[in-house]
A.B. asks: 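There's a structure below that I have some questions on.
All figures in this text were calculated on a predicted structure; none of them were measured in a lab.
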Amino acid sequence: MGDNQRGRGDGRSRGGRGRGRGRSIGRGRKNNSDNPSSSHQNSDGDFSAGRSRGRGRGRGGRTIPSGRNLPRNESHSQSAAKKPPPPPSSKLSGPPKKNGEKGAEAHTVSELERIKFTKILMNFREDDDRDKMEFSSDLTNTERKFIHLLASQLGLTSKSTGKGDDRHIIVSKRNENKKKTTTGGIVREELPVLNIGRGGMDALSKHLHRFPPTHTEDMESRETGASLLEAMQQHQSNNIHRLAETLQELNAGTPREAPKAEVKVKHVDLQRRIARHGYYQQRKTQQLAREYQVITNNRAKLPVFARQDDIVATVATTPVTIIQADTGAGKSTQCPQFLLDANPEANIAVTQPRRISAISIAERVAQEQCLLSDQHGESAPGVGSLVGYQVRLETAVTKDTQLLFLTPGVLLRKLQSSPMLAEYTHIIIDEVHERDKYTEFLLIRLRDLLPMRPDLRLILMSATIQTEVLMNYFTDCSDPFYSANPPVIFSIEGRTFPVQEFFLEHVLELTNYIDIEAMDEAEDGEVPPMSMDQLDAALAKLVGIDDIQAKAALPKESHVTVRCAICGKGFLDPAQLGEHIATCTGFDDSDAGDVIVSDQGLEEIPTANFSTPGMYKFLDVESDDNLSNNDENLEEYEDYDIDAVQEVVNYPFQDVFKYPIAEEVEEAALDKWDGVGEFETDVVQEAELSPKQEKYLQHYQTIHDDDQIDTTLLLEVLHFINKSSVGEGAVLVFLPGWQEISEVTILLESTAPFNNRSRFLILPLHSGIPSSDQRKVLRRPPQGIRKIVLSTNIAETSLTIDDVAFVVDTGRAKEKDYDPHLKTSTLQPTWISQSSSKQRKGRAGRTKAGVCFHLFSSRRYLSMRPFVESELLRTPLEEMCLMSKKLNLAPGGPEDPDGIPAFLSKAMTPPHEKSVTNALELLVDLGAMLPETNDLTTLGECLSVLSLEPRVGKMVIWSYLLGCTRTASQMAVAMSYKSPFVLPPASMRRDAEIAQLKLSDYSESDQVTVLNAIIKRDQLKKTSGEGGYRDWCRRNYLSPSTLQMIADLRRNLSRELSSLGYADPMINGHHNRHDKQHALWQAAIAAGLYPNVATRQRGDVNFSTMDNRKAKIHVSSVNAVKGQPLNSKCQIPDGETEFVCYGDMVKGSHFFTLSQTTHLPSPLPLLLLCGTCLSIHPANDEMGQYSILNLDDWIIFQCRTDVASSLVVLRKRLESAFWNAISDPRSGTKGLTSLEQDAIETLGTVLKSAFKSAAELSGCRYLSSIKCQQIWPIFFEVGLYANEKTSGTCLLP
C-alpha cells in the first residue's frame, strides 16, 4: 500500500497523518505505482485526489475520532469546525503560485505594478480622444489577468490576442449608444402577442362607447401621425384652424410648467433673542457658577480654547474663516460656543455630516452650557432650549434655540423656505473635507450668497481640510467681494499625546504572522503536502463530497508558514490558522496523544459562524444553478481563471465553537505597554522599506489578496494588542461595512479570550443602528473590561470615543460611485484617502498616547488619494438639478450661462459634464423638466419637495390615480432607505431565504416583500408588544431598527405630500380604493421606475436592459432565492417576453446586478403608463387584423387592431388626466372631467384583466387562492382598513 492508505485505530482517516483504521482519502503522489487507485494523472500532468480503504498512516490528512470523551453536551459534529475555504491563491498542491506561474491569482502581481496599471487605465478612461489602447506583450499571464479584472471593474472591455511571446491585451471603451428591441427585430410573425383578457376588451369597448374618440383620436389610433398629416394637408388648403386645433389636442397630455411659488420673508424678533440669551448666560455664570467653573476649567485644557479671542475677533470682521484644527483640538464643540457666548444676537447653524454627530455634539455643548443641570428645584432646560439639533425624523428645537446642530440636507431644505437664510447670522460647516453632495451644494450657494448678505459669517472647519483649495475657491472667483475680503485661516494643533503608527510590513513582523524563513525553505525544497483546505475543495469537486467534517492534523514543522500568537503552533497557511484561532485555548495540545471517544447520548450545542475572505464576495455569488452562466464580459477573458475563483467563492462557510473547549488562558503580561510613553517594539520603522519588510509583503501578498479584509490577521493584531498592553484602553477597528462588522463580531464572540464578557465588550457602530445603540460606544465600560468598537467610517469624524487607545485601520471603505459613461452606479470596496487614514489615526490617543495599526503597506498609503473626492463626482445628480431649479439658483436653460450645468460647474470640484447631461435627460424623460428651458413642470415641483429619488416619487404620484397610495407610499419609503433584511451567518442563509420567501408570499417582488414586513410589524406592535415583535424580527432575519426607521419615514412622507395638497396616503379614501389589487401595485411600480425595466426570452438566464446591458438579479433580492422563477432559466412560452422592473442597477466587479426587483406578468402597464412615445402602425398582415404597438422603439408587441387602437386612445386620455390631476392635487380625481375619470376607472379594470390573463398563461403562483388569502388578512388585523373585512376568498380578479 502507498503512503496515502495506511491507518491504525478505530477512527476514520482521510488523507493520512492520523492514526486510525478505516477509509483513507489522500492526495495522490507522483510515481506512486503501488497505489494506482489513489491517484491519477490528468491531461495537464496534474495529480488529483483519490480514495481508498486501508490501514496505516495517510500523509497530510486527519483522523475523525468516533466521538468518545468529548466535552459534555457536545456531539462529534460540533467537536471540530469546518475548514475555511482555501485562500484564492491556493491551488490544489504546493505553495501558493507566484506572479507568472500558471494558475497564479491576480493579487500576486506586485503592489507597485498593480498601482501602475490602475493609474494607466483610469487615465485612459477619462481621455475622450482615445477609444482603444494596447499593452505591451512582455506582461506575464498573471498581469494580464489583473488587467482583465481591472478593466471589467472600470466598465472597459479587454481581450487578449496573439500567441506565445506576442500575446498582448487590447483595452477599449464600450459603445454606450446601443439600443436593442425586445425581439431583436420587427418581423410581425416573430412579435409577441399582447393579451389583455376578455374583461379588458369589454372594458375598453364600453369606455369608448360612453366617450367616443374625437376625429384626432380616431386618426392617431389607426396610425401614429395620421391626424397631423391630415391637418397639414388641410392647412395647405387654407383651413388654417385645423392644424392649430390638432396640435392643441395632441399636446393635451404633455408636461406643463409649474407656477412660480411666492417666497415669504421670515420675521426675526431680535429683542427677544437678545433677552433669552442674557437669561441663559446669567443662569450658568451666576446661579450655576461653581459647576460652570469646573466645566470651563476642563474646556480650557483643549488646544482651541487658547485661540478663543482670536477666533471671535476674526469672525466678527471676516466673511469667511477657515479653521484647520487637529483631531482632539475641540473645534467641533468649542468654536460654536465661542461665537454664541460673544454674540447675544447670534443665531448659529452648525452642519454635521451625520445624524449621530449632530445629536451627540449638541448634547455635549448643552452640557457645557449647563443646560442639563437642575437649579433649585427648577428642571433643566435641556437640549432644545438655547442649544438644539434638527436631523431627519428627529428634532429638538424651540424659539429659544440660538445654536442649532443639523445635517447639510436639512439646511438645504431650509433654503427652500428661506433662500437668503435671513434668520441666521453664522453658518458653520464642520468636517468640510468629507465633500458630501449637500455640503458641496451649500458651498456653491453660500459663495454666491455672501456678497448679497455681507453680515452673514461662514466658518469652515476640519482636521484634514484642504486649505489651499478652499482659499482658491473663494479668492479665484470673479466676484470682487472676495478680493476685498479674503478668507482667513486658523491652524490649531491638537493634543500633544503621540500616536504611533505601524503599517502592514510592521504588523506582519510584530505578530510573526508569516514565517518568511520557512516559506523560503518551502520554495527551495520539497513541495508541502496538500492542506485539508485544498483536499476538501478537490474532493468536493472530483468525488462529490459536499460536507467533509474532520479535524486537520498539523503540518510538518518544516512547512510552517504562519504561527498562532497564542500558543505558538505552526500552520501551512492563514486559512488553517484561521480555523485554529477560533478554538485556540492557549495550550499546545498537539502531543496530547490518541484519545478514543464516543458520541452516544450527547446533545448538540449551538454553533456560531466564521468565514474567510470568501464571504466578502457573498453579495456577488449566484445560486448554484447559475454558476455556469458567466457574464458576457468574462467570455473575453482568455487569461481569467473562472474555475479557481468560483471554487473559492462557492466553498461552504464554516461552523466553529461558540466557546472554547478549555478554560481561557491569560496571555503573557511581560513588558506590557501602559499607555504612557512610547509603544516599544523591536520592529524597525524607516522611510524606506527594508529587504526584510519587502519579503514580508511579497510573501503576504502572494497568499492573500490585500484588496480583501484579512480577518485572520485582524484577529492576530487584536491578540497582539491584548497581550502587549495593560489597562482598559479601547480598541477601535475600522471596517468597510455592516457585512464585515457582523463577520468580525461573530469571530470575536467565538474566540478566546474575546468571548469572555467579563473582560471584553464588543460593540458595533454603524449609521443604520438606532441612536441609542450608537451612543453606547461613547460610554466607558466598567473597570477591568476592554471595549472593542467595530465601526465603519462613521467614527472617523466628529464622534469622539475618549477612551480609545488603539486603532486598527483596514484601509478599506465601501463607496457607492456613479459612472457617467455607463450611466449607472457602482458599489465596490475601495482604498480610503490619505486624509481619511489620518483621521482614523487621530481617533487614538485622545486622552493619552495611542497606537494605530494600518493593515496596508506604507507604499499603498503613498499611492492613496490625498483627499476624498466630492460626492458630486460619485452620485447621480437628479436631486441636485431639481434643487437648483426649486431654489431658483439656475433659472436658465441647459446652454445658458445661468443654467443648471453652469451652476454646478461652480462647485469646488465640478461634476463630470456627462453626469449633468445624464441627469437632465432623465428628468426630461420623467416629465419633471421641460426640454428647452429645464423649467420644472408640475410633476417636477412635486418631486423637488419629496425626500424620494425622482423615479420613486413619480411612482407615489401615479398611485393617487391608480388608487393604491397607501401601498405605494410604504413601498417608496422602503426603497428610499435600505433593506430591512440583515445579512445572516452563512449556516443560516437558507433559513433566511425561506423566511424572506414566506414574507414575499410568492409575489416575486422585493417591494411587496418589504411591504408585508412593514404591515406585520404594525400588527405585532399592537398585539404582541416589543418583545414579541423583536422575536419575530429575529426569526425572520429582519432589523427592528430599520423597520422602525421605515415606519418613521412614512410619517415624514405623509407630511411632505400633505404640504403639496395631496391626501394623507395612510387614511382611507378614493386614493386607496384599489389597495388590495396587486395588478395596480405593479402598475404604480412600472409607471415610476421606467425605464428601469429588463427583459428576457425563453432559455435566457440574464436580463437585458434598455441599453442592452446584461444583468443578473442581486442575491439580496427575493427573486434570487433558489427555486424562484427569475433565478433560473426563463421558462415562458416561445416568442413571449418576460419583464422585470428594478429600482437600481449597480455595476459590480464583473457584471451588473438588479436590486429591488418586481416581476411584471403583463407588459400592459408599460404600454399605457410609461415612456415618451407609444406608436401604432398596421402590421400589413393579409387579413388586416393586427397592428404593431411600439414603445420607445424598444418594447414592441402585435395586437388585434381594434384593441390596439383602443389602447392608444386610452393612453392619450390617461396622460391628460395625469397632468390635470397633479396641477390641482387638492381636488384629486374629483377635479377631472367625466371622460378622464372614466378613463382612470377603465384603466383599473383593464390592468386587472391583463394581469389575470398573463398569470394564467404563465402558471403564475399569484392565482393560488390559498396564497392570496395569506397576504391580505394582515392588513385587516392591523386595523388599517377599519371599514373593510376580508371575505376569505381569493382577492384577485
A.B. asks: Using side-chain heavy atoms (C-beta onward) and a distance below 4.5 Å, is H1114 in contact with D1006?
C.D. replies: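 Not in contact.
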A.B. asks: Under a 4.5 Å cut-off applied to non-hydrogen side-chain atoms, are F981 and V1118 in contact?
C.D. replies: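 SC-SC contact between F981 and V1118 ruled out.
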A.B. asks: Looking only at non-hydrogen atoms, find the nearest pair between M1066 and S969 and report the distance.
C.D. replies: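 Minimum heavy-atom separation between M1066 and S969: SD-OG, 4.2 Å.
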A.B. asks: Return yes if a side-chain donor-acceptor contact under 3.5 Å exists between E993 and Y1037, otherwise no.
C.D. replies: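 No, no side-chain donor-acceptor contact under 3.5 Å.
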A.B. asks: With no hydrogens and no angle check, is any side-chain donor or acceptor of K776 less than 3.5 Å from a backbone partner on L763?
C.D. replies: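 Judged by distance alone, no pair lies under 3.5 Å.
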A.B. asks: Do you know the tightest heavy-atom contact between R413 and V945?
C.D. replies: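 Closest approach of R413 to V945: NH1-O, 2.7 Å.
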A.B. asks: So does V1246 get a backbone contact from the side chain of S1249, meaning a donor-acceptor N/O pair under 3.5 Å?
C.D. replies: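 Judged by distance alone, no pair lies under 3.5 Å.
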A.B. asks: If you measure only the distance, is there a donor-acceptor pair under 3.5 Å linking the side chains of S1003 and H1078?
C.D. replies: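 Judged by distance alone, the side chains do not pair up.
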A.B. asks: Classify the angle between the aromatic ring planes of Y1062 and Y960 as parallel (below 30°), tilted (30 to 60°) or perpendicular (above 60°).
C.D. replies: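 Y1062 vs Y960 ring planes: tilted.
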A.B. asks: Is I794 close to L765 at the side-chain level, that is, under 4.5 Å between some pair of heavy atoms?
C.D. replies: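 They are in contact (side-chain heavy atoms under 4.5 Å apart), so the answer is yes.
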A.B. asks: About how many Å separate CG of L1243 and CG of L1169, when rounded to the nearest 0.5 Å?
C.D. replies: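 The CG atom of L1169 sits 5.5 Å away from the CG atom of L1243.
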A.B. asks: Would you name the heavy atoms of L943 and G953 that are closest together and state the gap between them?
C.D. replies: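 Closest heavy-atom pair between L943 and G953: CD2-C, 3.5 Å.
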A.B. asks: First locate atom OH of Y1090, then atom CG of N1092, and finally report the distance between them rounded to the nearest 0.5 Å.
C.D. replies: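 It comes to 10.5 Å.
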A.B. asks: Determine whether a donor-acceptor pair (N or O, by modelled atom type, separation under 3.5 Å) exists between the side chain of H1074 and the backbone of S959.
C.D. replies: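 No: the side chain of H1074 does not pair with the backbone of S959.
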A.B. asks: Within this structure, what is the CD1-OG distance for the pair I1046 and S976, rounded to the nearest 0.5 Å?
C.D. replies: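 If I round to the nearest 0.5 Å, the distance is 8.0 Å.
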A.B. asks: Are any non-hydrogen side-chain atoms of C964 and Q1077 less than 4.5 angstrom apart?
C.D. replies: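 No - every pair of side-chain heavy atoms lies 4.5 Å or more apart.
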A.B. asks: Which is it for E878 and L926 under the side chain to side chain contact (heavy atoms under 4.5 Å, CB included) test, yes or no, and what are the steps along the way?
C.D. replies: CA-CA 11 Å; E878 291 85 9; L926 285 176; over 6 Å; no
A.B. asks: Under the side chain to side chain contact (heavy atoms under 4.5 Å, CB included) rule, what do Q1044 and R1017 come out as? Steps first, then yes or no, please.
C.D. replies: CA-CA 9 Å; Q1044 181 61 47; R1017 174 239 176 228; 2.6 Å; yes
A.B. asks: Quick check against the 3.5 Å criterion: does Q1237 have a side-chain atom that pairs as donor or acceptor with the backbone of T1229?
C.D. replies: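 Between the backbone of T1229 and the side chain of Q1237 there is a qualifying donor-acceptor contact (under 3.5 Å).
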A.B. asks: Can any side-chain N or O of D1144 pair as donor or acceptor with the backbone N or O of S1155 at less than 3.5 Å?
C.D. replies: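 No; judged by distance alone, with no hydrogens or angles, the pair does not exist.
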A.B. asks: I want to check something: taking the side chain as every heavy atom from C-beta on, are N1119 and L1154 in contact at a cut-off of under 4.5 Å?
C.D. replies: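 No - every pair of side-chain heavy atoms lies 4.5 Å or more apart.
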A.B. asks: Under the 3.5 angstrom rule, does the side chain of T395 hit a backbone N or O of V397 as a donor-acceptor pair?
C.D. replies: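 No; judged by distance alone, with no hydrogens or angles, the pair does not exist.
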A.B. asks: What heavy-atom pair brings T1042 and S979 nearest, and what distance separates the two atoms?
C.D. replies: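 Shortest heavy-atom contact: CG2-O, 3.9 Å.
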A.B. asks: To the nearest 0.5 Å, tell me how far F1251 CZ sits from L1164 CG.
C.D. replies: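 Interatomic distance, F1251 CZ to L1164 CG, rounded to 0.5 Å: 12.5 Å.
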A.B. asks: Whether the Y438 and E879 side chains hold a donor-acceptor pair (N or O, under 3.5 Å, no angle test) is what I'd like checked.
C.D. replies: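 Side-chain D/A pair, Y438 to E879: present.
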A.B. asks: Given the rule in the side chain to side chain contact (heavy atoms under 4.5 Å, CB included) test, do E941 and I1222 qualify, once you have shown the distances and angles that lead to the verdict?
C.D. replies: CA-CA 10 Å; E941 188 72 22; I1222 62 177; over 6 Å; no
A.B. asks: Could you pull out the closest heavy-atom pair between C942 and I957, with the gap in Å?
C.D. replies: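 In terms of heavy atoms, the two residues are closest at CB-CD1, 4.3 Å.
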A.B. asks: Within the side chain of N1072, is there an N or O that forms a donor-acceptor pair under 3.5 Å with the backbone of R966?
C.D. replies: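 Checking the backbone N and O of R966 against the side chain of N1072, a donor-acceptor pair under 3.5 Å is found.
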A.B. asks: Just checking, any donor-acceptor pair under 3.5 angstrom between side chains of D1075 and T967?
C.D. replies: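 Yes, because at least one side-chain N or O of D1075 sits under 3.5 Å from a partner of the opposite role on T967.
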A.B. asks: State, with a plain yes or no, whether a side-chain heavy atom of V1010 is found less than 4.5 Å away from one of P980.
C.D. replies: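 With C-beta onward as the side chain, the pair touches.
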A.B. asks: Is it the case that the side chains of Q1082 and T1158 hold a donor-acceptor pair, with the cut-off being a distance below 3.5 Å and no angle test?
C.D. replies: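 Q1082 and T1158 do not have a side-chain donor-acceptor pair below 3.5 Å.
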A.B. asks: Closer than 3.5 angstrom, by distance alone: can the side chain of E949 be matched with the main-chain N or O of R951 as a donor-acceptor pair?
C.D. replies: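 Looks like yes, one N/O pair under 3.5 Å.
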A.B. asks: So do the side chains of P1165 and L1247 get within less than 4.5 Å of each other, counting heavy atoms only?
C.D. replies: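 Touching, per the 4.5 Å side-chain cut-off.
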A.B. asks: What's the separation between atom CG in L997 and atom CD in E1004, rounded to the nearest 0.5 Å?
C.D. replies: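 So the CG of L997 and the CD of E1004 are separated by 9.5 Å.
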A.B. asks: Nearest heavy-atom pair of A1086 and L1166: which atoms, and what distance?
C.D. replies: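 Result for this residue pair: CB-CD2, 3.9 Å.
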A.B. asks: Got a second to check how far L1011's CG is from K1016's NZ, nearest 0.5 Å?
C.D. replies: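 Between atom CG of L1011 and atom NZ of K1016 there are 13.5 Å.
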A.B. asks: Would I1132 and R1096 count as a side chain to side chain contact (heavy atoms under 4.5 Å, CB included) here? Give the steps.
C.D. replies: CA-CA 10 Å; I1132 63 173; R1096 66 177 184 173; over 6 Å; no
A.B. asks: For the backbone of P1040 and the side chain of R1030, can you confirm whether one donor and one acceptor N or O come within less than 3.5 Å of each other?
C.D. replies: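 Judged by distance alone, no pair lies under 3.5 Å.
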A.B. asks: Check this for me: does any side-chain nitrogen of one of D1018 and K1021 sit under 4.0 Å from a carboxylate oxygen of the other?
C.D. replies: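 Looking at K1021 together with D1018, the answer is no, because their closest N to O distance does not fall below 4.0 Å.
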A.B. asks: Taking C-beta and beyond as the side chain, do L1043 and C1033 meet within less than 4.5 Å on heavy atoms?
C.D. replies: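 With C-beta onward as the side chain, the pair touches.
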A.B. asks: Counting distance only, does the side-chain N/O of Q996 pair as donor-acceptor with the main-chain N or O of S1116 below 3.5 Å?
C.D. replies: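 Present.
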